[in-house]
Number of protein chains: 2
Amino acid sequence: MVSINDVAEKANVSISTVSRVINQNANVSREKEEAVLKAVDELDYIPNGLAQGLVTKKSKSIGVLIADIANLYYSYLVKSIEKELRAAGYYAVIGNTEWDGKREKEYVRHLMQRQVDGFILASTSLTSSYLEQLLEKDIPLVVLDREIKSDKIDKIRIDDYKGGYQAAEHLLECRYNYFVHLQGADFTATAADRARGFKDCMQDNGIDHSNYKVISSSFVESEAAQDIAQFLDSNNIKDKRPGIFAANDAAAFGVLKELKKRGIKVPEQAGVVGFDNVNFAEYSSPALTTISRPIDEIGKISARTLLKRLNMNENEKITEKDITLAVKLIRRESTAKISEEKL
Amino acid sequence: MVSINDVAEKANVSISTVSRVINQNANVSREKEEAVLKAVDELDYIPNGLAQGLVTKKSKSIGVLIADIANLYYSYLVKSIEKELRAAGYYAVIGNTEWDGKREKEYVRHLMQRQVDGFILASTSLTSSYLEQLLEKDIPLVVLDREIKSDKIDKIRIDDYKGGYQAAEHLLECRYNYFVHLQGADFTATAADRARGFKDCMQDNGIDHSNYKVISSSFVESEAAQDIAQFLDSNNIKDKRPGIFAANDAAAFGVLKELKKRGIKVPEQAGVVGFDNVNFAEYSSPALTTISRPIDEIGKISARTLLKRLNMNENEKITEKDITLAVKLIRRESTAKISEEKL
DNA sequence: CTGTTAGCGCGTTCAG
DNA sequence: CTGAACGCGCTAACAG
């Protein structure tokens, strides 16, 4: 391993001088600078980031925790975050938690050990008290899609409640006559909010309890497929046309698959609405009606918010951000208005 | 920041003792161990990984370079790699290169600076001489989907040639009467091999040059869509039924989209074959016929191979791995055999 | 079994 | 403008 000493020796200067030209922040004479650069080049020297970090207390890397890298929402989010971070000279260390709180904690620990400069948490289940602990250690935090009471944490989210409401409303408009929502993981605020929106819409429109149902389900495709299968098996709604609002697009794809398997025609005999408007939503068969959220923007804002905090002066008045982005219904083929005469 | 000194002080022992209990490798008396553990707990102490790495020369992290995290092939690959690595106490640092050789080099540099213990390269464009440089620094390397002459690098790949051949063969069987292959990025071995397989199949079956075409295209959805559009605009094949073999599934989705836009019916008026058998291939409209490769296994093998090398004794005889996995045609709805009477 | 000590590679005073 | 010296937090001999 070639170290700063080797470079100094080869260039006939002290290690301080080498350090100065590496970091470009102090004045070094033309000649020495060139000598150093030459030595760096010849030796193919790359500074040891661990040693640098040890003294500067900065690692230039950001921990990014997400729930499932194979979920298109998260992979696009990561892509967007990573792009923004890179532009500022930072690097993302991605942690895939698989919706598992235990893994999330392990990751936070590991990443703290690795001295990341900050976190973007787009995973789901850390309790806010745990987050506070993180803050005590003075590690900047941006939290996505979660309700946190702390006023020291930047929050970026979307209007899940309204999304749930809109999804339900759309299903109503389409004249499906039984409504089911496959709610996402219990411990997430997003799932709860979407479900709340769904229920409120049902009540606001005077739908009887016997005509709608919220099922505790999942954000994962295969699990949602199982849950809808179980529902269809155990409930006698053969004469009804169910309008199904899945927890997210991945779950919706699972539902679509199960429906297809059973020969239930979408959108005629059942309607399906997803959430996220993932890239593939438009390609699926049938193309998925869904609630869209601005993934790219979410990533960009998250990264920028964190970066800003990272570069803030200790004394600067800190006002935490709490941004809520709007969502929007995208109508596609998995739902359709049942025509008058058919009713 | 609480350091090992604070713990030592609080537990009334020396820092070496603290280090010993942290690393669990030396004998420490029951009492002292408990005292240390107690202090660790109370102080909420987390060892500084940078300092640890600085002395042990190990960072317990692996650089994983991929071409596009938003491509389902890569996101599943990452998921699989990450899972395997984690089980062994290693962590993946993901670099998203966007098929860009420059970014790839930047990442390698940055990750070397961060002292990753090894690399899994599933990106695409590093020249093998550059890879050799990496090896000179004694950093274990596993390279996916690439031809490398070096016998010091572990290689995992799939049979791209056969995949291309099979895709072409299938299109032939289906009786399409004009054949086009949208070849992926020039600088990749995978694209070249698939194209070679395609061409060989054409020639083996005596297809005239005027009836097939290889177009230089891309692995990216939007670019493939543009390329097929341009092809359809500039070539007069209105009376033909083109069988299109895209560079990968992402590209195939782009093609499907463009075809749909033009009202060209798939599989009747045109056939489409992808490559990868990504999770969504079965959901698309129409469901995508494609060449499948064992993504999960590729990831698992890659990680294990690297891990094995990491734990190898310096003196151990090193035989490099060069594994080629088989691929398989998956027939779905985007291709279909044209029935006799229609011909 | 335990403490002392010497670095790991680097940035940063502080003199000069 | 430059170099010597210190210390970041930790592990690994080395004594005891």
Side-chain angles (χ1 to χ4, degrees), chain A residues 1-37 39-40 43-61 89 109-117 137-138, chain B residues 1-37 39-40 43-61 89 109-117 137-138:
Chain A
M1 232 239 118
V2 22
S3 83
I4 197 170
N5 292 292
D6 305 319
V7 178
E9 197 172 326
K10 181 145 197 160
N12 272 314
V13 296
S14 71
I15 62 165
S16 333
T17 300
V18 176
S19 174
R20 285 181 186 112
V21 350
I22 296 295
N23 297 299
Q24 304 182 348
N25 45 10
N27 290 330
V28 176
S29 73
R30 194 83 180 163
E31 313 162 38
K32 303 230 172 194
E33 182 180 358
E34 280 173 8
V36 169
L37 259 20
V40 165
L43 262 28
D44 199 13
Y45 168 67
I46 296 179
N48 184 323
L50 301 187
Q52 290 179 314
L54 189 56
V55 19
T56 61
K57 310 273 183 208
K58 284 183 175 50
S59 67
K60 287 286 178 181
S61 51
R109 207 192 128 78
H110 173 78
L111 293 174
M112 285 184 55
Q113 184 162 353
R114 305 283 308 152
Q115 309 298 115
V116 296
D117 296 336
K137 308 218 174 193
D138 265 331
Chain B
M1 231 241 116
V2 21
S3 82
I4 196 171
N5 292 292
D6 304 318
V7 178
E9 197 172 326
K10 181 144 196 159
N12 272 313
V13 297
S14 72
I15 60 167
S16 340
T17 301
V18 177
S19 174
R20 285 182 187 112
V21 350
I22 296 296
N23 299 298
Q24 305 180 346
N25 43 12
N27 291 330
V28 177
S29 73
R30 194 84 179 164
E31 313 162 39
K32 302 231 171 194
E33 182 180 359
E34 279 172 10
V36 169
L37 259 20
V40 164
L43 262 29
D44 201 12
Y45 167 68
I46 296 180
N48 184 322
L50 301 187
Q52 290 178 314
L54 188 57
V55 20
T56 61
K57 311 274 183 211
K58 284 181 175 49
S59 68
K60 286 287 178 180
S61 51
R109 209 193 126 78
H110 173 78
L111 293 175
M112 284 184 54
Q113 184 162 353
R114 305 282 311 149
Q115 309 298 116
V116 295
D117 296 337
K137 308 217 173 193
D138 264 332

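Below, chain A is the first sequence line, B the second, and so on; all start at residue 1. Note that the structure is a prediction, hence the values are computed from the model and not measured.
For D:dT11, the OP1/OP2 oxygens have a side-chain nitrogen or oxygen of B:Ser19 closer than 4.0 Å. Taking side-chain N and O atoms only, B:Lys57 has no distance below 4.0 Å to OP1 or OP2 of D:dT11. OP1 or OP2 of D:dT11 has at least one side-chain nitrogen or oxygen of B:Asn23 nearer than 4.0 Å.
Listed here is the closest heavy atom pair of B:Val28 and B:Glu33: CG1-N, 3.8 Å. When every heavy atom of A:Asp44 is checked against every heavy atom of A:Val2, the shortest pair comes out as O-CG1, 4.4 Å. Shortest non-hydrogen contact noted between B:Lys10 and B:Ala39 is CG-CB, 3.9 Å. Scanning both residues, A:Met1 and A:Asp6, for their nearest heavy atoms gives O-OD2, 3.8 Å. The minimum heavy-atom distance linking A:Asp117 with A:Lys60 is given by the pair OD2-N, 2.6 Å.
Within the nucleic acid shown, B:Ser3 comes within 4.0 Å of sugar-phosphate atoms alone, with no base atom in reach, counting heavy atoms only. Within 4.0 Å (heavy atoms only), A:Ser29 reaches sugar-phosphate atoms of the nucleic acid but no base atom.
Residues B:Gln52 and A:Gln113 are in side-chain contact: their nearest non-hydrogen atoms beyond the backbone lie under 4.5 Å apart. Put simply, the side chain of B:Ser19 does not reach to within 4.5 Å of the side chain of B:Ile22, judged on heavy atoms. Looking at heavy atoms from C-beta onward, A:Leu54 lies in side-chain contact with B:Asn48 at the 4.5 angstrom threshold. Residues B:Leu50 and B:Arg114 have side chains in contact (heavy-atom distance under 4.5 Å, counting atoms from C-beta outward).
Rounded to 10 degrees, the angle separating the terminal axes of the helix from C:dC1-D:dG16 to C:dG16-D:dC1 is 40°, with each axis obtained from five end pairs.
Each of B:Glu33 and A:Ile4 has a nearest nucleotide on DNA chain C; the 5'-most of these lies closest to B:Glu33.
Rounded to whole Å, the distance from CD1 on B:Ile15 to C1' on D:dA12 is 11 Å. To the nearest angstrom, C1' of D:dT11 lies 10 Å from CZ of B:Arg20. Residue A:Lys58 contributes atom NZ, which lies 14 Å from atom P of D:dG9 at whole-angstrom precision. For the pair A:Asn5 CG and D:dA4 C1', the computed distance is 13 Å after rounding to whole Å. Nucleotide D:dT2 holds its P atom 13 Å from the CZ atom of A:Arg30, rounded to whole Å. C:dG9 atom C1' lies 15 Å from atom CG of A:Leu43, rounded to whole Å. To the nearest angstrom, P of C:dG9 lies 15 Å from CD1 of A:Ile22. In this structure, the CE atom of B:Met1 is 11 Å from the C1' atom of D:dC10, given to the nearest Å.
Between the side chain of A:Ser16 and the base of D:dA4, a donor-acceptor pair under 3.5 Å is found.
Residues from residues 48-56 of chain B with heavy atoms under 4.0 angstrom of DNA chain D, sorted by number: B:Asn48, B:Ala51, B:Gln52, B:Leu54, B:Val55, B:Thr56.
Applying the 6.0 Å contact sphere to NZ of A:Lys137 captures more than 12 heavy atoms from other residues, nucleotides or ligands.
Picking from C:dT2, D:dG3, C:dG3 the nucleotide with the shortest atom distance to the side chain of B:Val28 gives C:dT2.
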